[in-house]
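Shown next, in structure tokens, is the structure this report addresses.
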Amino acid sequence: MENSSAERKQQLALEIADGNDPSDAAKNPDGRTKLQGLFKQLSLLDRYLYVWIFIVMAVSIIFGYYVKGVKKAFQVAEITSVSLPIAIGLWVMMYPVLCKVQYEMLGGVLRQAGSLKTISLSIVLNWIVGPALMTGLAWATLPDLPDFRTGVILVGIARCIAMVLIWNDLAKGDADYCAILVAINSILQIILFTPVALLYLKVVSRGKGFHVSSWTVAKSVLLFLGVPLVAGVLTRLILMNAFGRKWYESKFLRFIGPWALIGLLYTIFVMFSIQAHQIVDNIGHVVRVAVPLLLYFGILFFGSLGICRWLKVPYPLMVTQCFTAASNNFELAIAVAVGSFGIDSTQALAATIGPLIEVPVLLLSVYTIGFFQRKGPSV
């Protein structure tokens, strides 16, 4: 029987993980031919994802800028200050990925040797290094733009609980560990977001006008992670019991798999369409705000990669660690910025620029991280 798209992607990842680095293709014609063959077997959506993302980003900005009433139409209904169409896109994007997680295996994963080290490293990178790095970069590059600086710092404090699942899946990271780290970040986000935000925005930056409650953060986590998580758990439990694991993995997951990327493209379209006028009308400031964000994502991703290589972390765990550290919860950052400063505020615009930079940078990271793989248990 013909392999599913997900199986072909897994086969390609295993080829690379076994040491067939694409950079060695010129030295190994047979390996190059095999990798090219596997690449051609990927679906059109998977193979040229970076092309579709850049096209959707460009089209959405043009569409939102020139078509009247787009922003109002997309914001006809909101959930915790986030557009309902964006919320739907996030749910569609995350649901297929969460259906793949082997929840029945999570207990065993936690008991594995080295799991405590992996979790501890993730907590340090996410809640100590990440916010401090973003605050330092924001002050270094935007000393004269305090409102934009505030929005950028909010992006750095909001740790990712959504799109990291997509990046991890695309780069063939460890889905089970990713689910665990996302769950831990979700709990810590409810507890730590408000005090960390107050520390960096009011104490360190001496800012004013910032108001956010723990309940605001909790609602974001419950809606944007809790809803698709519960749906994924129930789907896996019910369908595997009813039809068996083989049918579930070969039929159902194959059917819903493409919807994760479709949801990603749809979310990008809606998000950038809503903010099109803000982006175009403030293009100079947008470019300046992009500087600390580019530095942040690059430093945190490749810094995490270097630490993982030094600790000899296996490739799937390395992928999960890097993308968990470098990804951010843009929906929470936008919701908090809108709730505290208003939907048309420069703080909200700066928070919106976060995914504008994060999406292409982390997508590029998906394609480049394979070049850092090595044979054996270490990366």
Side-chain angles (χ1 to χ4, degrees), residues 46 48-58 60-61 89-90 93 122 125-126 129-138 140-142 148-149 151-173 178 182 185 260-261 263-265 267-269 271-272 275 279 283 285-309 318-334 349-372:
D46 293 322
Y48 298 110
L49 178 61
Y50 64 96
V51 175
W52 310 137
I53 284 181
F54 283 119
I55 289 175
V56 168
M57 288 172 65
S60 61
I61 292 174
L90 290 169
M93 177 183 75
S122 177
L125 290 172
N126 275 277
V129 177
L133 175 64
M134 185 68 94
T135 302
L137 291 172
T141 58
L142 304 170
F148 282 98
R149 188 173 63 235
V152 169
I153 293 173
L154 281 175
V155 173
I157 296 171
R159 312 315 301 166
C160 193
I161 60 171
M163 292 188 75
V164 63
L165 296 166
I166 291 291
W167 306 129
N168 184 73
D169 186 57
L170 288 172
K172 310 316 298 179
C178 190
V182 164
N185 270 337
L261 300 184
L264 171 63
L265 296 174
T267 302
I268 292 171
F269 178 81
M271 185 167 54
F272 291 155
Q275 292 292 339
I279 294 171
I283 191 64
H285 288 158
V286 168
V287 172
R288 285 195 60 187
V289 169
V291 173
L293 292 169
L294 280 169
L295 291 172
Y296 169 83
F297 292 125
I299 292 172
L300 205 49
F301 182 86
F302 289 103
S304 302
L305 180 64
I307 293 172
C308 289
R309 286 170 58 83
M318 179 188 73
V319 170
T320 301
Q321 197 70 261
C322 292
F323 283 107
T324 303
S327 302
N328 290 86
N329 188 348
F330 67 81
E331 62 270 20
L332 176 59
I334 293 172
L349 173 60
T352 303
I353 297 170
L356 180 68
I357 305 302
E358 177 179 339
V359 169
V361 169
L362 293 188
L363 180 65
L364 179 63
S365 299
V366 169
Y367 289 99
T368 58
I369 194 170
F371 291 101
F372 292 91

For a quick test of your reading: what N or O donor-acceptor pairs under 3.5 Å do the side chains of residues 299-307 make, sequence neighbours left out?
from : atom 1 : to   : atom 2 : distance (Å)
S304 : OG     : L300 : O      : 2.6

* Evaluation steps, side chain to side chain contact (heavy atoms under 4.5 Å, CB included), between L293 and E358 -> CA-CA 8 Å; L293 292 169; E358 177 179 339; over 6 Å; no

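- Residues V56 and F272 have side chains not in contact (no heavy-atom distance under 4.5 Å, counting atoms from C-beta outward).
- The two residues G130 and Y296 have their closest heavy-atom pair at O-CE1, 3.4 Å.
- Inter-residue side-chain proximity for Q275 and L349 is flagged as met; some heavy-atom pair is nearer than 4.5 Å.
- Closest approach of L362 and S327 over heavy atoms only: CD1-OG, 3.4 Å.
- Among residues two or more places apart in sequence or in another chain, the side-chain contact (heavy atoms from CB on, under 4.5 Å) test is passed with T267 by I86, L90, F330.
- In plain terms, the two heavy atoms of A350 and G151 that are nearest each other are CB-CA, 3.8 Å.
- In this structure, the separation between CG on L137 and CZ on F297 is 11.0 Å, given to the nearest 0.5 Å.
- Considering only residues two or more places apart in sequence or on other chains, L294 meets the side-chain contact (heavy atoms from CB on, under 4.5 Å) condition with I357, V361.
- In this structure, the side chains of V182 and C178 come closer than 4.5 Å at one or more pairs of heavy atoms.
- The two residues R159 and L125 have their closest heavy-atom pair at NH2-O, 4.4 Å.
- Here A158 pairs with Q189, F193, N329, L332, A333 under the side-chain contact (heavy atoms from CB on, under 4.5 Å) rule; sequence neighbours left out.
- When side chains are defined from C-beta on, M134 does not count as touching I157, because their heavy atoms never get closer than 4.5 Å.
- S122 is linked by a side chain to side chain donor-acceptor pair (under 3.5 Å) to N126, counting only residues two or more places apart in sequence or in another chain.
- When the ring-ring contact (aromatic ring centres under 6.0 Å, His included) test is applied to F148, the partners found at least two apart in sequence or on another chain are H285.
- Nearest heavy-atom pair, T320 versus T324, reported as atom, atom and distance to 0.1 Å: O-OG1, 2.6 Å.
- Here the side chains of F269 and L265 are not in contact, with every heavy-atom distance at 4.5 Å or above.
- Listed for the R288 side chain is a donor-acceptor partner under 3.5 Å among the backbone atoms of T141.
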